[in-house]
Each structure stands twice: as C-alpha cells, then as structure tokens.
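In what follows, every chain begins at residue 1, and chains take the letters A, B, ... in the order their sequences are listed.
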Amino acid sequence: MSQDYDFKSLESRWQAKWQELRLFEPHGDGEPYYCLMMYPYPSGALHMGHIINYSIGDAMVRYHLMRGRRVLTPMGWDSFGLPAENHAIRTGTPPAESTKKCIDAMRRQMIRAGFGYDWSREIATSHPGYYRWTQWLFLKFFEKGLAFRKRAPVNWCSSCRTVLANEQVHDDACERCGTVVDQKDLEQWFFRMSSYAQRLLDGHEQLQGKWPDRVIKMQKAWIGRSEGARLEFEIVAPGAECHGEKIPVFTTRPDTTYGVTFFSLAPEHSLVVDLVRGTEREQEVLEACRKMRNQDRVERASEESEKTGVFTGRHVRNPFDGSLAEIWVCNYVLMDYGTGAVMAVPAHDQRDFLFARKYGLPVKVVIQPSLEEPLAEASMTESHEGGGVQVASGPLDGIDSRVEAIRQMTSYAKEQGFGDFSVHYRLKDWLLSRQRYWGAPIPIVYCEECGIVPVPEAELPVLLPKEVEFRPAGDSPLATCESFVRTRCPRCQREARRETDTMDTFVDSSWYLYRYLSPGDEERPFDAETARNWIPVHQYVGGIEHATMHLIYARFFAMVLHDLGLLEAEEPFQRLFCQGMVCARAYRCETHKWLSKEEIDLDGMTCKECGGPVTSEMTKMSKTKKNGVSPDALFEQYGADTVHTSILFSGPPDQSVDYNERSVRGIHRFLRRFWDTLVSLVPKVSGVEPWTAGRSGDLSGNWKTTRRVCHGTLKRVTEAFDKHGFHFNTCIAGSMESLNALRAAGDPKTEEERAACRESILLMTQILAPFAPHLAEELWDRLEQPGPSIFRQPWPCVDQDALAVEEVEIAVQVNGKLRGQIRVPAGVEKEAALATAREAASVQKHLQGKTIKREIYVPNRLINFVAR
RNA sequence: GCGAGAGUGGCGGAACUGGUAGACGCGCUGGAUUUAGGAUCCAGUGGGGCAACUCGUGGGGGUUCGAGUCCCCCCUCUCGCACCA
C-alpha cells in the first residue's frame with residue numbers, strides 16, 4: 001500500500017467507490033435533508049464560481065450524511081437558453097446536440113471534482129420529458145387565469161432579438177449582453193405575478209433569519225409596496241370626447257392635493273391623443289410625445305436628466321377645491337407605474353418643482369414645516385417633501401400633515417366617491433414570452449374561430465421541431481417553420497397556427513426542485529405526497545445574483561402550486577445561503593487594457609507589449625478581465641480535496657474570496673502533512689481501543705493538549721454547520737491546529753497515549769471529511785474502521801472533559817494596561833488569584849506608591865487593578 | 001441620491017454575549033538537511049526601542065476599570081436600488 005499522498009489514484013478510486021455504493025442516493029430512515037445547489041447552465045466548463053458554490057454544498061451534504069440524515073442531493077442542467085442558440089447560428093450545430101456535449105463534459109468535471117450528487121435523479125430542462133411538464137404547468141396557470149396575453153410596452157433587446165422580463169433589465173440594458181433595450185408595444189404572454197405581490201412580501205416573515213437579510217431586503221425593494229390613495233380628477237376639455245371623464249392617479253401624498261398646480265401624463269398615455277385631437281396644439285403635442293418616447297432609455301430614466309414636457313391646452317378639475325390645473329405631458333412620468341398620470345405638487349415634490357420652475361408653472365405651499373419661518377413660494381429653491389402643518393388646504397388648515405391629513409383627505413375622497421385608500425406595488429407581471437427557438441414552446445394554438453386555445457394535455461409535449469434553420473437575423477426559427485406553425489385547432493379541427501414564442505428559462509428553473517423528487521414520472525410533474533417529505537428544500541446554496549429573479553419567480557411558483565393544490569408548502573426554500581464572488585488579481589495597462597498574468601512583467605509591473613506601467617486590482621474573475629482560473633488545471637495539479645479545502649479556507653464563504661495560487665499550495669502542503677503524519681501513526685495504533693469520554697488514566701501534557709485541541713475543533717466544526725454561518729475557514733484552521741498538536745505530541749508510548757492518539761486521529765479524519773472527503777475516506781479505510789464509507793459512520797460527540805484545562809494563564813492589568821501574566825489552577829477563587837497577581841514583580845512595580853481603588857476579576861481570563 | 005455591508009500586520013483572514021488584538025495560513029528572515037530545489041524539518045516574524053517601555057484594529061470624539069467590539073460625527077471602498085408619483 002502506497003505511503004505517498006497519491007491524490008490522483010486515491011481520488012478516482014473513491015469516486016468510483018461512491019458510485020458503486022450509491023452513497024449520495026437517499027439512504028436510511030433519518031430525518032430528510034434536501035440540500036439543493038443552483039444547477040448550472042451547461043456552458044461546457046465549470047468555473048470557479050461553480051466550484052465555491054458546490055464545495056459549500058458538498059460540505060453540507062457530507063456533514064449531514066454523517067449526522068445520519070436521509071440526504072437528497074440532486075444535480076441537473078438549466079439547459080435551455082440563448083448561448084446554445086447563438087452557437088447554432090454561428091456553427092450550424094443544433095442546440096440539442098451542442099447542449100448534450102456540454103452536459104457530458106460538465107458532468108465529467110463534477111465527478112472529477114468529487115462533488116457528491118445523486119446522478120440517478122439528473123434532469124435537463126431541455127429534455128422533452130422535462131419541458132412537457134413545464135408546458136403542463138403553463139396550462140394550469142392558463143386555466144386559473146394566471147397566464148394571459150396582453151399588449152404592453154415591453155423591453156426589447158435588439159441583439160438577443162427577444163423581449164426581456166423586467167428582472168432581466170439592469171440599468172436599462174440587457175442583463176445578458178449589455179445592449180440598451182428598446183421599448184416596444186407587443187402582444188405577449190405574462191404570468192400574473194403582481195397579484196401575488198403581497199403574499200410574496202408576507203412570506204418573508206418566515207424566511208427571516210434563515211435567508212440572508214440582504215436578499216430579503218432586495219426582494220422587498222423590488223416588490224416595492226407603497227401606500228397612499230387613488231384620486232380621480234375630472235377632465236375639462238370642452239368639445240373633446242373625453243370631456244368630463246375622470247382620470248385616476250395614485251399618490252402617496254394625498255395631504256398635498258390642495259397644492260396641485262398642474263397635472264402630468266406619460267407620453268405613452270392613451271388619453272393624450274383624445275385630449276388634443278382637432279386642436280391647434282395637436283401637431284405640437286404629438287410631435288413632442290414622439291420625441292419623448294424615442295428619447296434614449298437611459299437618458300430618460302436618469303434622475304439628473306432634463307425634465308421636458310408640453311402643455312396639452314386642456315385642464316383637470318381638482319376634486320377638493322374645484323380649481324383647474326393645466327394638463328401637461330412629461331417625460332418623467334412613467335406609463336408602467338401607477339396609472340401613468342400624476343397630480344403635480346411642485347411645492348412638495350422635487351421633480352414637479354424642477355418642472356414647474358422650468359416652464360413657469362405656479363408653486364403653491366400647503367405644508368409649512370415651521371409657522372415661524374414660512375416657506376415663500378417665490379423664493380423657494382427646492383421642494384419641501386417633509387411633514388409640517390397644513391395651510392391653504394381648506395378644512396384641513398392647522399392640522400398635522402402626513403398621518404392625520406392623509407387619513408382625513410382620503411376618507412373624504414372615499415365619502416364623496418372620487419377616491420379611496422390604495423396600495424401600489426412596483427412588482428409587475430412576469431413577461432415570459434421569448435421570440436427564440438431554444439426554450440419550452442408555449443402550448444397554445446390560435447384559431448380564427450375559437451381564438452386562443454390551449455393544447456390538450458394529452459398532446460403534450462409540444463416538441464421543438466428539428467428541421468429548422470438558424471439564421472443570424474430575422475424571426476425566430478419557430479416562426480418560420482411551417483410544419484411547426486401549421487396545425488389544427490384542438491377545439492374545432494379547423495386550420496390554426498401555433499404560438500411560436502417559447503418560455504423564459506426562469507420558468508424552467510422555477511419548478512426544477514420538485515422534478516428531482518421523481519424525475520422519470522410520466523403521469524405528473526411531481527408527486528404531492530413525496531413533496532410533503534422534501535419541500536421546502538432544507539438548504540439552498542447559490543449566488544446572490546438571483547435575489548430578484550430566480551428566487552422571486554420560484555417563490556411565486558411555489559405559491560401558485562400551493563393554490564392549485566399540487567403542493568403543501570408555500571415557500572420553496574427554507575434556508576438560503578449565498579456564496580460570495582471569487583476574485584483574483586486583474587492587471588491593466590493604459591494602452592493594452594486588461595492583461596493576463598502572462599502578458600505582464602511581474603517584477604517591474606510593466607506591460608510586456610509596450611513596457612508601460614500596469615495597475616492591478618482584486619476583482620471578480622471574468623473573461624474580459626483575463627483573471628479567470630481554470631479549475632481543471634487545479635484539479636490536475638493539486639487534486640479535488642486541495643481545491644475544495646483551499647477555496648473554503650480563503651475566508652468566510654458569504655463574502656467574496658480572493659483566489660491566490662500560493663494559498664492553494666499552502667493547503668496542498670497541509671493535506672500532504674496531514675496524510676504523512678496520520679499514515680505514519682496508523683500502524684502504531686492498529687487494534688488499539690480509542691480513548692472515550694469518561695475514561696480515567698494518566699496522560700502527559702502533550703496528549704492532553706492534543707485531545708483538547710481536537711475536541712475543541714470538533715465543537716467549532718459542529719457549530720459552524722449547525723449554527724454559525726458556515727465559516728469553514730476557521731474549521732480548517734482548527735484542523736491545522738489539531739495536526740500541529742498531534743505532531744508536537746510525537747509518537748505515543750504508553751497504552752493511554754496510544755488510545756488518545758487513535759482517538760485524535762479518528763476525530764481529525766472525521767472533522768476534515770466534509771472538506772477533503774477522498775483523503776478522509778482513505779485514512780478511515782486504513783484505520784480499519786467499520787463500514788464501507790466514513791460518510792456512513794456517525795459524527796463524533798464532544799468530550800466536555802477533554803476541553804477542560806488544569807492551569808490557566810491570567811492577564812494582569814494595572815489601570816487597563818497589561819503588566820504581567822500569572823499561571824493559576826483553573827477555576828481558582830477570586831481572592832487567591834488576586835493575591836498571586838499582587839505579588840508578581842512586574843505588577844508590583846506599577847502598584848508602587850498607589851492605592852488600589854478597585855479590583856476587577858474575570859474568571860480564568862483577566863485581572864485589572866484600578867490604582868491611583 | 002436612497003438602502004445594505006465592509007475598512008484589523010507585507011497578504012488572506014481570527015477574536016463567542018466589551019476582557020491578554022493579530023488564531024490559522026501565505027509571504028518573509030535565520031538555521032538544519034540536501035548535488036540541487038518552487039522539497040522537508042526547526043526557530044523567528046505588527047511598528048519603534050539595547051532595554052524598561054511605548055504606539056497600534058480607516059480618522060476624530062464619547063461611554064467604561066477596560067473598546068476591533070457599544071454610542072455620535074467624518075472619510076474610503078464594495079454591492080443593491082435609483083425620476084416609483
């Protein structure tokens with residue numbers, strides 16, 4: 001048997017053994033533990049972000065196996081999506097083919113990386129056996145009125161040639177490719193997510209403390225609940241068709257309604273055309289609207305950008321005082337928030353203020369922050385958005401704004417029938433249509449007679465046609481595939497056309513957690529009874545970039561599935577852990593931009609190309625910054641155990657971790673030393689009964705220390721998994737300390753020492769097992785421990801006695817400054833400790849000529865003499 | 001602008017409810033062994049000082065016997081949101 005740490009053969013041997021043992025399939029009758037890691041898009045290669053994600057999850061899986069839990073640890077593929085289709089356009093390879101290759105390559109990598117998954121449950125969302133049920137779920141949503149079609153201004157990415165959901169647009173650019181999105185008016189499919197806004201907020205209650213705070217906060221902000229009132233303003237437009245009609249507005253500040261001096265509509269608002277039809281302003285207003293609508297998205301959405309508008313020549317009547325206010329069309333009013341119409345109160349809203357000043361519109365103060373120094377309308381330089389006392393507000397004069405005025409104003413509006421209390425959410429319906437090929441086809445048929453007709457369940461799946469052309473421009477391949485489009489109406493059998501849009505891939509990932517429970521089920525997407533056991537997922541691990549996308553969609557799905565009677569749980573993920581980014585040093589030259597390590601001269605920090613100076617920064621690994629590291633090379637050079645352990649050792653996993661090859665080598669050295677030390681001790685403790693709690697007998701100081709450090713580490717590791725935020729870096733540090741103590745103890749000489757030695761070796765092996773599983777398995781095997789795998793053996797218990805020390809070192813301070821140290825028996829009485837401390841020479845020197853006013857004693861830790 | 005998080009040696013990071021700041025690792029220095037080593041082992045390693053001592057957790061105040069930790073003000077960085085009526 002090899003004595004060398006031959007990680008290559010050892011790792012492949014144990015990986016084969018795990019498959020053979022079916023180690024990662026649910027086993028035993030322990031309490032279920034569903035550990036889910038966000039499945040990857042099969043790009044063909046794992047990157048360091050995957051490695052940290054799956055290393056964290058893998059440690060959790062292995063720990064809970066040792067805890068005797070019945071663990072579910074599935075893995076699959078988010079295999080629909082744009083990259084495969086773009087690849088098809090470039091190379092002609094059908095997405096199904098390239099995707100399969102990528103999946104095979106990544107699965108191999110994952111196995112090589114030693115991640116423990118139950119491959120018998122593998123799923124791929126692009127597989128007809130999966131998307132059949134994605135389509136089935138769509139039909140259920142459709143039946144309930146939760147999937148619907150509407151014409152709406154939507155985000156269009158001209159580069160990806162498809163529409164995008166709100167959540168996929170960041171800074172007005174496509175989240176995928178960075179292209180600035182356009183607004184288009186299109187008829188599209190939506191999920192009615194907005195009607196779940198309040199439930200999505202309420203659900204946060206039970207996630208508190210189990211999900212990262214920042215994710216909950218991001219979701220709350222995304223959902224954006226705001227309370228206020230809906231008020232109706234009557235249109236005064238003699239001669240116009242809409243004369244006398246009422247326009248509703250949403251406002252959070254009904255207390256400012258007496259301060260309305262004009263009224264704003266979004267340029268997209270349908271009323272604009274009616275208002276100006278046939279008037280002398282028609283041309284001017286419509287032209288201005290056109291300009292505003294075509295304004296660059298980023299520019300129009302920016303807070304700093306110039307506010308522009310145009311007067312329609314029409315008015316509204318303020319329902320409270322009957323006064324008339326001009327109707328303007330303004331670029332800063334958004335059609336998709338509230339009603340697309342705003343009552344403008346320049347004195348108390350900064351945007352309205354800027355607009356009013358620019359166009360010379362009146363400003364009317366109705367809230368005075370201080371009656372002694374009243375605001376003067378003519379000289380105000382900014383709006384007053386805070387509270388104060390109502391003035392010029394009819395019957396409200398003198399009362400406190402905000403709470404009381406808001407209540408009275410809204411109640412009055414309700415009584416008079418022109419308004420009510422109202423709550424608005426920023427969260428919109430989920431736009432799920434995509435004008436692309438590589439996604440689940442929306443199972444709908446359009447019939448001239450019957451209209452929108454769902455495909456009958458028995459006809460699912462609506463398969464993606466294979467004979468299609470991928471072209472760089474133009475319509476989706478589905479739209480031009482006659483054999484796909486032409487069909488018969490399921491209802492009347494007449495000729496009809498299929499929907500040619502496919503579903504957003506976030507639909508696929510909103511329910512994959514359930515499909516893992518019974519991946520081959522051909523009767524239903526998943527079984528409610530099985531789901532009762534496993535859902536909500538006990539631990540979900542993934543990146544924070546999904547905070548307002550996948551994690552909201554999946555919660556919405558769980559709630560709908562619950563309402564459909566398919567799922568008992570209402571929340572999909574009980575606990576969520578988000579890992580940090582993996583960063584590495586990136587180098588930049590003024591002329592040659594981002595450079596890889598090979599392209600610079602590290603000694604002088606200069607560019608090899610031009611000799612110019614190079615600056616560097618720690619930043620997220622990425623292709624553009626050329627600071628990525630291929631995990632493959634690391635596995636090859638150092639092995640899977642080293643890679644897992646070193647990435648987890650670099651720092652707390654919820655913060656970003658810096659990759660540094662030096663520290664990888666440091667961990668490799670540690671594992672090697674761990675191996676060498678334990679392997680050399682194995683024959684010396686062969687057949688020895690390990691020390692157990694409660695055993696009496698003499699042990700020398702070094703062995704007592706070793707036991708103390710090992711049990712201390714065991715305690716720390718157990719708590720890291722069960723309570724304290726998975727700070728595995730300190731667990732691994734503890735393993736190193738244990739090893740250092742063991743090495744300092746030397747060879748065991750007595751029977752007692754051999755017992756303590758064997759106990760320590762076993763503990764150290766088990767403690768390291770979640771992080772370096774292959775190495776642990778091999779040592780466990782060589783120690784001739786029972787069972788086929790260390791992961792089928794119970795996690796050890798802390799021996800409290802081992803943690804105790806006989807003597808402690810106490811710090812002695814005089815007036816808060818450290819002046820000496822004393823060694824006393826642990827648990828020593830206060831008076832005895834103080835007496836010893838007073839006598840210490842280094843302390844006496846500082847007490848000389850002073851009177852002790854106070855003596856502070858922290859048992860076993862510290863003494864402080866307060867002396868004057 | 002709003003919201004959140006973070007600033008600790010040359011570097012990554014430790015420090016449980018206020019109680020010996022710098023665990024553990026990297027790097028560095030010296031030594032041993034070696035033909036050699038980006039191998040291994042031993043010792044040292046926050047700054048200043050021969051020493052006694054002193055200064056040190058982004059900066060400035062405060063509370064306390066005692067502050068990295070609590071309070072107030074300020075600076076810097078990262079992330080999220082951003083004309084949301």
Name the nucleic acid region contacted by [X], choosing base, sugar-phosphate or nothing; use a 4.0 angstrom heavy-atom cut-off, strictly under.
X        : value
A:Val812 : nothing
A:Asn660 : nothing
A:Gln821 : base
A:Gly224 : nothing
A:Asp349 : nothing
A:Arg230 : nothing
A:Gln813 : base
A:His846 : sugar-phosphate
A:Glu809 : base
A:Arg673 : sugar-phosphate

Side chain of [X] only, please: which of [options] is the nearest?
X        : options             : value
A:Leu862 : B:C24, B:U20, B:A15 : B:U20
A:Asn864 : B:A23, B:G12, B:G19 : B:G19
A:Arg214 : B:C83, B:C81, B:A4  : B:A4
A:Ala733 : B:C83, B:C24, B:C65 : B:C24
A:Met218 : B:C24, B:A82, B:G80 : B:G80
A:Ile856 : B:C65, B:A4, B:C84  : B:C65
A:Pro652 : B:A23, B:A14, B:C84 : B:A14
A:Arg819 : B:A23, B:A14, B:U54 : B:U54
A:Phe649 : B:C81, B:A85, B:G12 : B:G12

Classify the ring geometry between [X] and [Y] as parallel (under 30°), tilted (30 to 60°) or perpendicular (over 60°).
X        : Y        : result
A:Trp430 : A:Tyr553 : parallel
A:Tyr359 : A:Phe355 : tilted
A:Phe320 : A:Phe418 : perpendicular
A:Phe728 : A:Phe726 : tilted
A:His384 : A:His348 : perpendicular
A:Phe262 : A:Trp328 : perpendicular

Can you tell me, in whole Å, how much space there is between the [atom1] of [N] and that of [M]?
N     : M     : atom1 : answer
B:A32 : B:A39 : C1'   : 14 Å
B:A21 : B:G58 : P     : 16 Å
B:A23 : B:A43 : P     : 15 Å
B:C77 : B:C65 : P     : 38 Å
B:G12 : B:G18 : P     : 28 Å
B:G3  : B:C74 : P     : 13 Å
B:C26 : B:G46 : P     : 16 Å
B:C28 : B:C72 : P     : 44 Å

For residues A:Ser226 and A:Thr252, is any side-chain donor paired with an opposing acceptor at under 3.5 Å?
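No pair is found: no donor N or O on one side chain lies under 3.5 Å from an acceptor on the other.
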Just N and O in the side chain of [X]: are any of them under 4.0 Å from OP1 or OP2 of [N]?
X        : N     : answer
A:Thr339 : B:A85 : no
A:Lys845 : B:C53 : yes
A:Arg672 : B:U40 : no
A:Arg669 : B:G27 : yes
A:Arg716 : B:A23 : no
A:Asn815 : B:G66 : no
A:Arg662 : B:G12 : no
A:Arg351 : B:C84 : yes
A:Asn740 : B:A23 : no
A:Lys220 : B:C2  : no
A:Arg861 : B:G19 : no

Any N or O donor-acceptor pair under 3.5 Å from the base of B:C65 to the side chain of A:Lys853?
no
Ion pair present between A:Glu306 and A:Lys358, side-chain N to carboxylate O less than 4.0 angstrom?
yes
Go ahead and name the base partner of [N]; Watson-Crick or wobble counts if both distances stay under 3.5 Å, otherwise write none.
N     : answer
B:A67 : none
B:U40 : B:A32
B:A14 : none
B:G7  : B:C75
B:A82 : none
B:U45 : B:G27

Considering only heavy atoms, which members of residues 253-269 of chain A lie under 4.0 Å from some atom of RNA chain B?
none
Would you say A:Lys620 has more than 12 foreign heavy atoms packed within less than 6.0 Å of its NZ?
no
Distance in angstrom units between A:His668 NE2 and B:A39 P, rounded:
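Result: 11 Å.
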